[in-house]
Structures are given as C-alpha cells and as structure tokens.
Number of protein chains: 2
Amino acid sequence: MKRTARPVVAPNTDVATITEDTIRSFAGYNIKRAFNVVQTDLNRTLKPFGLRMVTFTALALIVDNPGLRLSQLAQSLGIERPNLVVIVDDLEARDLITRDKVPQDRRAYALHATLAGRVLRDKSVAAVEEHEKRVYSAVTEAEIRALVQVLRKIESNG
Amino acid sequence: MKRTARPVVAPNTDVATITEDTIRSFAGYNIKRAFNVVQTDLNRTLKPFGLRMVTFTALALIVDNPGLRLSQLAQSLGIERPNLVVIVDDLEARDLITRDKVPQDRRAYALHATLAGRVLRDKSVAAVEEHEKRVYSAVTEAEIRALVQVLRKIESNG
DNA sequence: TATTGTTATACTCTATAACTATA
DNA sequence: TATAGTTATAGAGTATAACAATA
C-alpha cells in the first residue's frame, strides 16, 4: 500500500493516466477484477449448457466423486450448506444427479451423477477448456500453475 | 482440465481426500475461492470504518485523483456506472467526498475527497495493510508481485 | 449435545434497459 | 447522434439464524 504523489486529474483525462498507486499495490482488488473477467466469460460459455460457474463445478465434483455428501461438497466448493441446497435441487430436478439415501446415516444423502449428468459434464468441460484458452491466452502454462499455487496458499489462510 | 481416475468416496471420507482433479486444474475456481477469503477478511477489517471493499477502493481513488469523474471512477473500479452511483451517494452522504459541478461540462461531476474523507482513507489504509499482512502471510513479496502481474494480464483479456 | 440437510431471510454485487440533461 | 449521470429492476452470490431428523 505504498503511495506516491497525488496528481490532479485534468477535466478530460483518460482513465489510463489516472494514478492508481493505492489500488495498484492492493492485490485484493486485482483478484476481484480478474475474477470478474473470468466469471463473466465462463458464465457466457456455460449458458448454452444451462450451467453457471458453481453448478458446473458442483456437477464435475459429483461426477468425479460418486457418493459425495452435500456437506462435503459444500466444503469443497467453499460455500455454505444452505446455499448449496438450491444448487443440488436444480441439478436433481434436471436429472443430472440423484440424492440417494445412505443406510449407515439416515440424515445424509449420497450424491451420484446420472448418465445425462456425466454426458453434460464431458460436453461442458470441453467448452470450459476453450474458455480457458481464451481467458488465459496472454499467460503461460507455468504462470497459471504459479498463480494457482499462490491462490491456494491465500485460500488456506482464511 | 486434465482428469485422472475417479475414486469412489467412502461414506465418511474426509473432504481433504476427495478427488478434485477437475477443479484443481480449473484456475477459475481457485481465483473464486481465494477472492472469497480475501474479501471476507477485508470486509471484516473495514466494517469498523463503515467501509466495504468497493467503497474503500473508491474513496482511495478519489483521494489520490482529485476531480475524478464518476464514469472514470467506474472504469477504474471495473464496475458499471449505475452501480457506482449508490456508492458515491453513500460517500457523499457521509461527507467523505463532494460532487462538484464542472463548468466546462455541465453534465459531469468532479469528485473530491473532504478532509474527513482523507482522514478516513489514511486510517483505513493502515487497517488494510494489517489485513494484507494477515491474508498474504504465507506468500512472499515476489509471489504477490507475480500474482498481481498475471491477474492484470487476465483482466486485460476480458 | 452435535451433525445433516433444510427453510427463510437479508445483504451485497453485478448487469441491463431506459430516462434526463447536456454535448 | 453521443455522452454523463441517474433510476429502476432483476439475477446471482454470500452469510446467518433456526428448525426437524438423526447420530
């Protein structure tokens, strides 16, 4: 959060010339803006499949981890249980997943993807790969790996 | 988006053992979760000052760029003009900034921070610095710089 | 007592269309 | 015609309290 001089902005100065010293060294806002760009492009990408960022991720996790509990999924997604319920409701209503009773624990439900769910996952994953090529075109593979690593460190700090 | 085998999750498997291959290589979700951690901690930090992430950033930008127009500020913040209006309303109502008529262009308003606004900015910047130390404690200075650089490349791709 | 899934609720964030007054 | 600021509105995302059923 270093700050330098504070130049006055002329009446019709271009935004590019605005001093953002405070914000430039404020990583939080960079994460925010980058996230916004990524999410907007991703949601546009997933719209034809009837999916959003969260629903896509939830479906992918259920496909890869059959028998997942709702609370485990919520933790993996980093969202609160109440917010996940409606997401699971949506996926179930569209017959992409099932909520199966667990004999060992009658409070819990085991989540399983249906055939349709697996098919939609595969199709949408392909689209997401295209999206990633587009959004990360200016960044190298190594940079993305480093990015993800740092983001995970930050995340585990919360 | 590489995927490997899909192990079955045992009834009471810990979340840490869940296969997240799909998501682990899905940078978008890492950005989302990290952003969430940062924003939550930051908003908690700013609450005593009556500020949120956006209002803090807006105030800081106005302090550093006296005479800023609303549309310039919106562009700098990466948000739509309509959403900024209520933010500026809030800051103005609390006498932290002023909306001054511009003789050259009677449509526009020049934004200026008041003394109270500058004082609040300085106080909250100090708190934000503490927040950054906390949230980025597991990351080096160099890693943060690299992170911000990559995020900017992603952002400029939107 | 604690936990799973759930309902209800409220607040924030974001996007879009459309208006007004000026340019 | 285009732009600056504004109004209204709707959709997502997120967080919290509290409940029933079960552990």
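Computed over heavy atoms, backbone and side chain alike; hydrogens, waters and symmetry mates excluded. Letters A, B, ... mirror the listed sequences (proteins, then strands); counts begin at 1.
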Where chain A begins and ends its contact with DNA chain D, read 5' to 3' at 4.0 Å from heavy atoms:
dA12(D) to dA23(D)
Start at the 5' end of DNA chain D and walk down; is the nucleotide closest to R106(A) or to G78(A) reached first?
G78(A)
What is the separation between atom NZ on K101(B) and atom P on dA21(C), rounded to the nearest whole Å?
11 Å
Would you compute the distance between atom CG of L68(A) and atom CD1 of I62(A) and round it to the nearest 0.5 angstrom?
6.5 Å
Would you kindly confirm whether L120(A) and M53(A) end up in one hydrophobic cluster when ILVMFWY residues are joined by side chain heavy atoms under 4.5 Å apart?
yes
Taking for E80(B) and for L70(A) the nucleotide of DNA chain C with the nearest heavy atom, the one nearer the 5' end belongs to L70(A)
How many angstroms lie between CD1 in I97(A) and OG1 in T55(A), if you round to the nearest 0.5 Å?
11.0 Å
Check for me whether the distance between the ring centres of Y29(B) and F56(A) falls short of 6.0 Å.
no
Pick the nucleotide of DNA chain C nearest each of R44(A) and D105(B); which residue has the one closer to the 5' end?
R44(A)
Check E141(A) with R145(A), please: is the shortest side-chain N to carboxylate O separation under 4.0 Å?
yes
Using a cut-off of less than 4.0 Å, is there contact between a side-chain N or O of N36(A) and OP1 or OP2 of dA15(C)?
yes
For E130(A) and K133(A), run salt bridge (Lys or Arg N to Asp or Glu O under 4.0 Å): C-alpha distance rounded to whole Å, both residues' side-chain angles, the deciding distance at 0.1 Å, then the answer.
CA-CA 5 Å; E130(A) 289 303 309; K133(A) 274 185 205 153; 3.4 Å; yes
Short of 4.0 Å, heavy atom to strand atom, which residues of residues 81-89 of chain B count as contacting DNA chain C?
P82(B), N83(B)
When clusters are formed by joining ILVMFWY residues with side-chain heavy atoms under 4.5 Å apart, either directly or through shared neighbours, do L46(B) and L59(B) land in the same one?
yes
Given the rule that I, L, V, M, F, W and Y join up when any side-chain heavy atoms are under 4.5 Å apart, are V125(A) and V63(A) in one cluster?
yes
Is any side-chain N or O of R107(A) under 3.5 Å from a base N or O of dT3(C), one able to act as donor and the other as acceptor?
yes
